[in-house]
Amino acid sequence: MSKIFCIPGIFFIGAALVLLFLSSVSLPYLPALDVARSKFGSGVIETDAQGMTELRLGVWAYCFYNEDLDRTCTTATHAYNLAISNEAKTASVTIGSSWTRGLAVHPVATGVAFVAFLLSLSLHHAVTFVATLFAFLASVLSLIAFALDIALFVYLKHQVNKLPNVQAKTTIGNGFWLTFVSFLLLILGGATVCLGRRHRTKRTEAATAYPTETPAVDAPPPNISEKKPFWAKFRKN
């Protein structure tokens with residue numbers, strides 16, 4: 001019966017692990033899995049680079065597209081920064097490294113989720129308890145990563161809207177949603193593994209509290225006193 005809980009728990013944690021891994025790879029290796037993106041209706045240029053019509057921010061790098069839809073991505077690095085300006089170069093905004101440095105929590109959450117997945121494969125009570133703890137820890141880290149994704153999205157939208165004569169539309173990227181779904185799956189996975197462990201514990205305690213009854217040994221028949229003769233009734237004490 002406990003497998004009813006454990007098997008879905010393993011599936012949830014495994015699915016969350018895959019999604020977290022994909023969101024951690026992100027740009028420049030998986031351009032479709034960005035955190036946030038901005039599309040520009042009029043010309044915007046990156047500092048010391050050509051004009052662009054779309055900008056995508058990832059965990060390790062950012063990519064931009066020109067009018068011919070040619071993609072250019074920066075080298076993967078931790079805590080990248082970028083500056084963009086309008087076509088006339090009368091105003092510019094910057095996305096500093098302080099807004100991208102915390103994105104490195106994505107691979108950290110992936111590593112913790114991987115440990116939780118391995119531990120969830122065990123049927124030992126103590127190991128499944130530790131698997132539950134790691135699953136919940138990974139969910140907390142995923143929640144932190146999701147909060148940082150939200151902060152980056154809001155800040156990018158605020159910055160590009162400051163550029164004059166620029167029509168910008170900032171939206172959430174695919175990697176953003178992967179992190180959110182991973183958080184939900186880790187919560188479900190940790191809860192179901194915990195329920196499976198509790199069910200096995202109760203079943204073990206029930207088996208210990210009610211042991212199998214052993215057949216009773218036949219007791220010897222009670223002693224039957226010998227029949228006294230009738231004259232013994234008249235014997236004086």
Side-chain angles (χ1 to χ4, degrees), residues 1-27 29-30 32-36 57-60 76 78-79 98-155 172-212:
M1 185 67 179
S2 60
K3 292 182 179 179
I4 296 178
F5 298 102
C6 291
I7 294 178
I10 294 172
F11 172 78
F12 289 145
I13 297 175
L17 172 61
V18 173
L19 296 182
L20 277 176
F21 175 77
L22 292 176
S23 64
S24 298
V25 174
S26 190
L27 278 63
Y29 310 106
L30 297 175
L33 300 182
D34 52 328
V35 175
L57 303 185
V59 175
W60 308 108
H78 175 233
S98 59
W99 292 91
T100 60
R101 181 177 293 107
L103 299 178
V105 74
H106 286 81
V108 177
T110 303
V112 177
F114 177 70
V115 176
F117 175 73
L118 293 181
L119 295 176
S120 66
L121 299 176
S122 174
L123 295 178
H124 194 277
H125 288 186
V127 177
T128 53
F129 174 72
V130 177
T132 302
L133 295 181
F134 269 85
F136 287 138
L137 176 59
S139 67
V140 172
L141 293 174
S142 299
L143 180 60
I144 295 174
F146 181 64
L148 294 172
D149 291 348
I150 294 176
L152 181 61
F153 162 72
V154 172
Y155 186 69
I172 294 171
N174 297 324
F176 180 97
W177 294 116
L178 291 185
T179 304
F180 177 67
V181 174
S182 300
F183 164 70
L184 297 180
L185 290 175
L186 287 170
I187 291 291
L188 292 175
T192 49
V193 170
C194 181
L195 289 175
R197 176 183 177 275
R198 290 187 61 184
H199 181 80
R200 287 198 303 269
T201 302
K202 290 181 178 180
R203 187 175 60 181
T204 303
E205 292 177 352
T208 305
Y210 301 99
T212 305

On a heavy-atom basis, the closest approach of Thr128 and Val193 is O-CG1, 3.8 Å
As an exercise, state the distance from [atom1] of [X] to [atom2] of [Y], rounded to the nearest 0.5 Å.
X: Ile150; Y: Ile172; atom1: CD1; atom2: CD1; value: 7.5 Å
X: Ser120; Y: Ile7; atom1: OG; atom2: CD1; value: 11.5 Å
X: Phe21; Y: Leu30; atom1: CZ; atom2: CG; value: 8.5 Å
X: Leu57; Y: Leu27; atom1: CG; atom2: CG; value: 8.5 Å
X: Phe176; Y: Asp34; atom1: CZ; atom2: CG; value: 11.5 Å

When the side chains of residues 180-191 are checked against the rest of the protein, which donor-acceptor pairs come out under 3.5 Å, sequence neighbours left out?
from   : atom 1 : to     : atom 2 : distance (Å)
Ser182 : OG     : Leu178 : O      : 2.7

- prompt: With a 4.5 Å heavy-atom cut-off, do Phe153 and Val35 have their side chains touching?
  reply: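 Side chain of Phe153 against side chain of Val35, heavy atoms only: no contact under 4.5 Å found.
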Acceptor/donor pairs from residues 101-119 side chains to any protein atom, 3.5 angstrom cut, sequence neighbours excluded:
from   : atom 1 : to     : atom 2 : distance (Å)
Arg101 : NH2    : Ser97  : OG     : 3.4
His106 : ND1    : Leu103 : O      : 2.8
His106 : NE2    : Asp149 : OD1    : 3.4
His106 : NE2    : Asp149 : OD2    : 3.1
His106 : NE2    : Thr179 : OG1    : 3.4
Thr110 : OG1    : Leu20  : O      : 3.2
Thr110 : OG1    : Ser24  : OG     : 2.9
Thr110 : OG1    : His106 : O      : 2.9

Residue set satisfying side chain to side chain contact (heavy atoms under 4.5 Å, CB included) with Ala32, at least two apart, ordered chain then number -> Asn174
Any side-chain to backbone donor/acceptor pair from Ser26 onto Leu22? Under 3.5 Å, distance only.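 No, because the side chain of Ser26 does not come within donor-acceptor range (under 3.5 Å) of the backbone of Leu22.
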